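As structure tokens, the structure follows; a few thoughts come after it.
Please read these numbers as outputs of a predicted model, since none were measured by experiment.
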Amino acid sequence: MAAPAIWQPQEQGLHEICTLLEAHISPNSDQARIWQQLQQYSQFPDFNNYLVFILARGEGKSIEVRQAAGLLLKNNLRTTFSSMPPPFQHYVKSELLPCIGATNRAIRSTVGTVISVLFQIVRVAGWIELFQALHKCLDSNDLDHMEGAMDAIYKICEDVPEELDVDVPGLSERPINVFMPRILQFFQSPHAALRKLSLGCVNQYIVVMPSALYMSMDQYIQGLFNLAKDPLADVRKLVCSAWVQLIEVRPSILEPHLKNVTELILQANKDSDDEVALEACEFWSAYCDVSMPPESLREFLPRLIPTLLSNMVYADDDESLDDAEEDESFPDRDQDLKPRFHASRLHGSETGDDDDDDDAVNVWNLRKCSAAGLDVLSNVFGDSILPTLMPLIEQNLARTDDDSWKERETAVLCLGAIAEGCISGLYPHLPQIVAFLIPLLDDKFPLIRSITCWTLSRYSKFIVQSIDHPNGREQFDKILMGLLRRILDTNKRVQEAACSAFATLEEEASEELVPHLEVILQHLMCAYGKYQRRNLRILYDALGTLADAVGAELNQAKYLDIFMPPLITKWQQLSNSDKDLFPLLECFTSIAQALGPGFAQFAEPVFQRCINLIQSQQLAKIDPTAAGLVYDREFIVCSLDLLSGLAEGLGAGIESLVAQSSLRDLLLQCCMDEAADVRQSALALLGDLSRVCPIHLHPRLQEFLTVAAKQLNPQSVKDAVSVANNACWAIGELAIKIGKEIAPVVITVVSCLVRIVKSPEGLNKSLIENSAITLGRLSWVCPDIVAPHMEHFMQAWCNALCMIRDDFEKEDAFHGLCAMVAANPTGAAGSLAYICQACASWTEIKSEGLHNEVCQILNGYKQLLGNGGWEQCMATLQPDVVQKLARYGV
């Protein structure tokens with residue numbers, strides 16, 4: 001039988017494709033048309049053969065055209081390789097292998113990229129010849145071949161390192177076992193490219209740690225020490241990266257070498273190349289995060305702290321220096337608008353956004369890394385770093401000439417970085433620190449004004465705590481007015497820093513802000529009139545935070561007249577597809593919750609706009625042309641959250657608005673959405689509406705319950721724990737309002753909740769608490785259904801109840817506990833000690849009725865067991881638990 005003919009390109013096809021590729025890389029060509037033509041060619045089954053031929057054998061073509069063919073081939077193989085005819089698959093693979101050592105570096109690199117993509121599809125077992133070719137190239141002593149092989153291996157290690165550490169039929173050794181000794185030898189190569197690639201490869205294995213590396217660890221560590229002073233900055237950076245990764249994931253391996261490694265990192269932290277210094281600087285935070293013994297680091301602090309300090313000074317090429325020159329008349333550019341992320345509503349969460357970023361441009365650099373390192377060190381070593389640090393800070397602050405403004409700015413940044421870690425040592429000096437910082441709010445250099453805002457915000461918690469100290473209120477008032485003054489700064493960077501700092505101060509100060517409300521609102525609204533889009537977002541946050549902080553105090557006509565008209569005007573100006581609506585929706589959510597019934601006068605148009613936004617987005621999802629806008633689910637999430645805010649603020653006052661709208665059907669649709677954040681916010685609103693107007697959910701009640709119950713199955717909890725949390729809470733709220741009508745889903749829901757309270761490991765606190773509360777609420781309304789099963793979960797449930805703070809939700813859960821015990825006293829008897837612990841977890845039961853029920857249950861058991869049995873049960877409890885039970889008369 002004749003051998004199959006080897007594929008050959010048609011001259012005309014080759015010419016056409018090369019012409020297209022030439023046009024494709026030309027900057028002046030019609031890219032859309034060319035892309036369309038390339039897509040037409042890709043319909044031919046041998047199109048990839050042409051591309052690999054041009055890459056591998058296109059000697060007469062330009063390097064750029066050959067590279068373009070390779071990159072197009074790489075993208076095609078991802079989607080089409082598996083469906084290519086086997087002879088064509090073989091052709092592509094066989095053409096790539098001889099090019100691993102191509103004389104041109106750009107071609108070698110492109111071939112390495114294509115090989116790594118193809119390797120991810122076929123793995124070692126599907127391409128044994130690749131393993132053999134790489135092995136041969138590594139041993140060839142030809143620089144092009146060695147470098148080409150290392151480049152391909154590096155790219156494979158970057159994407160799928162574990163795939164080289166597998167047993168392969170037909171190979172006596174795992175590929176990595178064969179490659180590792182040779183790769184480690186390249187650490188000593190005279191060729192910088194080989195040193196860099198080999199080190200990059202091995203570093204990819206620190207996390208997965210194959211035995212090939214573990215067994216060669218001494219050689220690897222020694223290699224790192226030898227390369228620490230490499231002439232190539234990229235190699236020195238990889239050495240630092242290796243130390244950082246090792247300390248993060250394999251600290252025990254570094255422990256014997258810790259002193260030498262720390263010394264090297266300290267030197268690298270002063271490297272003339274900023275990227276090397278940045279990589280070295282990551283080591284300090286990593287060291288502290290893995291709880292290595294701090295004493296090993298203490299001896300280095302007198303040299304480390306000055307290094308961090310000098311690296312915190314703005315570099316001459318720092319982008320922030322250019323931004324600092326922009327005053328408020330400069331229009332915002334689109335790239336200035338950072339992507340924003342709305343956090344969907346989560347019932348029961350206590351998460352706060354802690355955004356301590358002092359620079360508007362989120363580029364991680366040596367300055368920020370050094371400040372973060374100092375922050376971490378201050379938290380580990382506390383006040384013991386002050387004797388080294390404070391003289392340096394004072395020295396920088398004393399330099400008052402204009403040329404030294406960067407050093408002064410660094411000193412202020414330092415004071416902010418150590419605010420938490422060194423507070424016990426700094427607290428007695430807080431009045432002096434604040435007195436020093438306040439004049440800097442008016443410094444001529446904008447970056448000093450902005451960093452002073454941030455540093456003051458870092459001390460805001462302690463400043464509020466000391467309000468009742470002598471001069472404490474005066475100090476607070478000065479900071480408040482100083483930040484308000486800077487909110488009206490003409491420099492955009494300072495406006496941003498002041499607004500963010502003020503929001504932090506608001507969170508800490510809450511009711512202390514009330515006497516200043518008028519002046520605060522006047523300043524914020526003055527800024528509202530002059531801020532551009534980016535800083536407006538931060539201003540909305542400051543206004544929303546103010547509403548959260550002072551609550552109903554805001555509900556006075558003199559205040560509403562200051563801030564509501566401008567917000568309503570903006571609300572009316574923005575179109576339904578304008579993303580600037582997001583922060584305004586969030587701001588209104590906080591205001592509606594704060595004003596409560598006082599928001600009623602503004603509620604109708606706001607409510608209707610939310611309904612319209614949800615409707616138009618749901619249409620856009622199906623038919624963007626008919627909707628006239630592109631689907632963006634964040635509009636739905638923000639609108640649902642604002643409706644929740646309205647329900648919370650207006651209470652039953654929202655009923656007439658819900659009655660006249662299509663909210664019920666829209667909400668059910670959102671509860672079934674495939675996007676987790678939409679379901680999360682929709683279920684939060686379902687719970688809020690259950691509280692205030694359950695009657696309007698009634699026509700589709702069973703559908704709501706079925707959808708909510710579905711979110712609690714084990715897979716759903718695993719995939720989207722926050723959605724499960726809100727579903728759980730909403731079911732509990734509905735149960736309280738609709739009573740026995742919840743019966744059809746009770747067993748399904750209870751079985752899911754029992755699984756959560758019995759296996760709480762790895763689940764968030766909020767879900768466990770809500771599960772315990774909802775279990776209690778279902779038991780309260782349907783004790784006859786739940787009580788027969790209670791011995792399966794009573795102990796775990798009581799443990800969860802102990803964790804919940806005293807409030808009306810805990811009362812509901814205990815009504816359920818009492819109802820179940822009353823329905824099935826013998827079923828609960830085996831868990832009596834756990835029930836006693838749960839009852840003792842109350843500080844005080846405010847509801848007299850519930851207090852009496854608990855007394856009745858406990859006294860009932862005491863009589864049932866008799867004195868001997870009761871004393872036996874009490875002996876198993878901690879003395880403080882027994883003492884607390886006395887309040888129930890037992």
Test side chain to side chain contact (heavy atoms under 4.5 Å, CB included) applied to Tyr540 and Leu567, step by step: CA-CA 10 Å; Tyr540 284 131; Leu567 293 181; 3.9 Å; yes
Between CG on residue Leu705 and CD1 on residue Ile742, distance to nearest 0.5 Å: 5.0 Å
Side-chain heavy-atom pair Leu536, Leu584 within 4.5 angstrom cut-off: no
Worked check of side-chain hydrogen bond (donor to acceptor under 3.5 Å, both in side chains) between Thr504 and Lys461: CA-CA 9 Å; Thr504 305; Lys461 177 170 41 174; over 6 Å; no
Lys718 atom NZ: more than 12 heavy-atom contacts under 6.0 Å: no
N/O donor-acceptor pair under 3.5 Å between Ser616 side chain and Leu613 backbone: yes
Pair Trp729-Glu769, side-chain donor/acceptor within less than 3.5 Å: no
Side chain to side chain, Leu697 and Leu734, heavy atoms closer than 4.5 Å: yes
From CD1 (Ile156) to OG (Ser116), nearest 0.5 Å: 6.5 Å
Closest non-hydrogen atom pair between Leu585 and Cys610, with its separation: CD2-SG, 4.4 Å
Exceeds 12 heavy-atom contacts within 6.0 angstrom, atom CZ of Phe602: yes
Any side-chain heavy-atom pair of Val630 and Pro624 under 4.5 Å: no
Spacing of Gln795 atom CD and Ile835 atom CD1 [to the nearest 0.5 Å]: 9.5 Å
Expected output: side-chain Trp797 to main-chain Ala772 donor-acceptor under 3.5 Å: yes
Distance in Å, Ile731 CD1 paired with Leu686 CG, rounded so as to fall on 0.5 Å steps: 8.5 Å
Residue among Val757, Val754, Asn725 satisfying side-chain contact (heavy atoms from CB on, under 4.5 Å) with Ser771: Val757
Check against salt bridge (charged side-chain N to carboxylate O under 4.0 Å, His left out), Asp578 and Arg533: CA-CA 12 Å; Asp578 193 327; Arg533 286 171 64 202; 5.3 Å; no
Main-chain N/O of Ser690 paired with Lys737 side-chain donor or acceptor, under 3.5 Å: no
Test item: Leu801 and Trp842 side chains (from C-beta on) under 4.5 Å apart, heavy atoms: no
Donor-acceptor under 3.5 Å (Tyr834 side chain, Ala796 main chain): no
Test: Lys155 and Glu158 ion pair at under 4.0 Å: no
Residue pair Gln615 / Ser662, side-chain donor-acceptor N/O under 3.5 Å: yes
Distance-only polar pair, side chains of Asp719 and Gln715, donor-acceptor under 3.5 Å: yes
Smallest separation among heavy atoms of Ala838 and Phe814, with atom names: O-CZ, 3.4 Å
Nearest heavy atoms of Cys157 and Pro161, plus distance in Å: O-CD, 3.0 Å
Distance-only donor-acceptor check, side chains Asn713 and Ser716, under 3.5 Å: yes
Any donor-acceptor N/O pair, Ser285 side chain to Glu282 backbone, under 3.5 Å: no
Worked verdict on Phe588 versus Trp571 for ring-ring contact (aromatic ring centres under 6.0 Å, His included): CA-CA 10 Å; Phe588 267 141; Trp571 172 259; 5.1 Å; yes
Ile695, CD1 atom: more than 12 neighbouring heavy atoms under 6.0 Å: no
Lys/Arg N to Asp/Glu carboxylate O, Glu634 vs Lys579, below 4.0 Å: no
Flag if over 12 foreign heavy atoms under 6.0 Å of NZ, Lys710: no
Close side-chain approach of Ile121 to Ser82, heavy-atom, < 4.5 Å: yes
Smallest separation among heavy atoms of Met820 and Met790, with atom names: O-CE, 3.7 Å
Rounded distance [0.5 Å steps], CD1 in Ile773 versus CD1 in Ile804: 4.0 Å
Pair Phe599-Val606, side chain to side chain contact (heavy atoms under 4.5 Å, CB included): steps then yes or no: CA-CA 10 Å; Phe599 196 78; Val606 171; 4.2 Å; yes
Donor-acceptor under 3.5 Å (Gln617 side chain, Asp632 main chain): yes
Sidechain N-carboxylate O distance under 4.0 Å for Asp375, Lys368: no
Gln711 and Arg679: CA distance, side-chain angles, deciding distance, side-chain hydrogen bond (donor to acceptor under 3.5 Å, both in side chains) verdict: CA-CA 9 Å; Gln711 310 304 319; Arg679 296 200 307 279; 3.1 Å; yes
Main-chain N/O of Pro210 paired with Asp165 side-chain donor or acceptor, under 3.5 Å: no
Backbone of Glu741 reached by a side-chain donor or acceptor of Gln702 within 3.5 Å: yes
Test log, rule side chain to side chain contact (heavy atoms under 4.5 Å, CB included), inputs Leu663 and Phe607: CA-CA 10 Å; Leu663 177 57; Phe607 180 92; 4.1 Å; yes
Steps toward side chain to side chain contact (heavy atoms under 4.5 Å, CB included) verdict (His698, Phe704): CA-CA 9 Å; His698 227 268; Phe704 276 117; over 6 Å; no
Which atom of Ser644 lies closest to which atom of Leu685, heavy atoms considered: OG-CA, 3.3 Å
Backbone of Thr80 reached by a side-chain donor or acceptor of Ser83 within 3.5 Å: yes
Check: Asp688 and Leu646 side chains under 4.5 Å, non-hydrogen atoms: no
Within-4.5 Å side-chain heavy-atom neighbours: Leu850 and His815: yes
Val658 backbone acceptor or donor facing Ser661 side chain under 3.5 Å: yes
Test item: side-chain donor near acceptor, Asp641 and Thr589, under 3.5 Å: no
Side-chain H-bond candidate by donor/acceptor type, Asp159 with Gln120, under 3.5 Å: yes
Check: Arg609/Asn576 side-chain N/O donor and acceptor closer than 3.5 Å: yes
Nearest heavy atoms of Asn764 and Leu767, plus distance in Å: OD1-N, 2.9 Å
Beyond-backbone contact of Leu753 with Leu778, side-chain heavy atoms, under 4.5 angstrom: yes
Note: Lys621-Glu674 ion pair, threshold 4.0 Å (strictly below): yes
Atom pair CG/CG of Leu657 and Leu650 - distance to nearest 0.5 Å: 7.0 Å
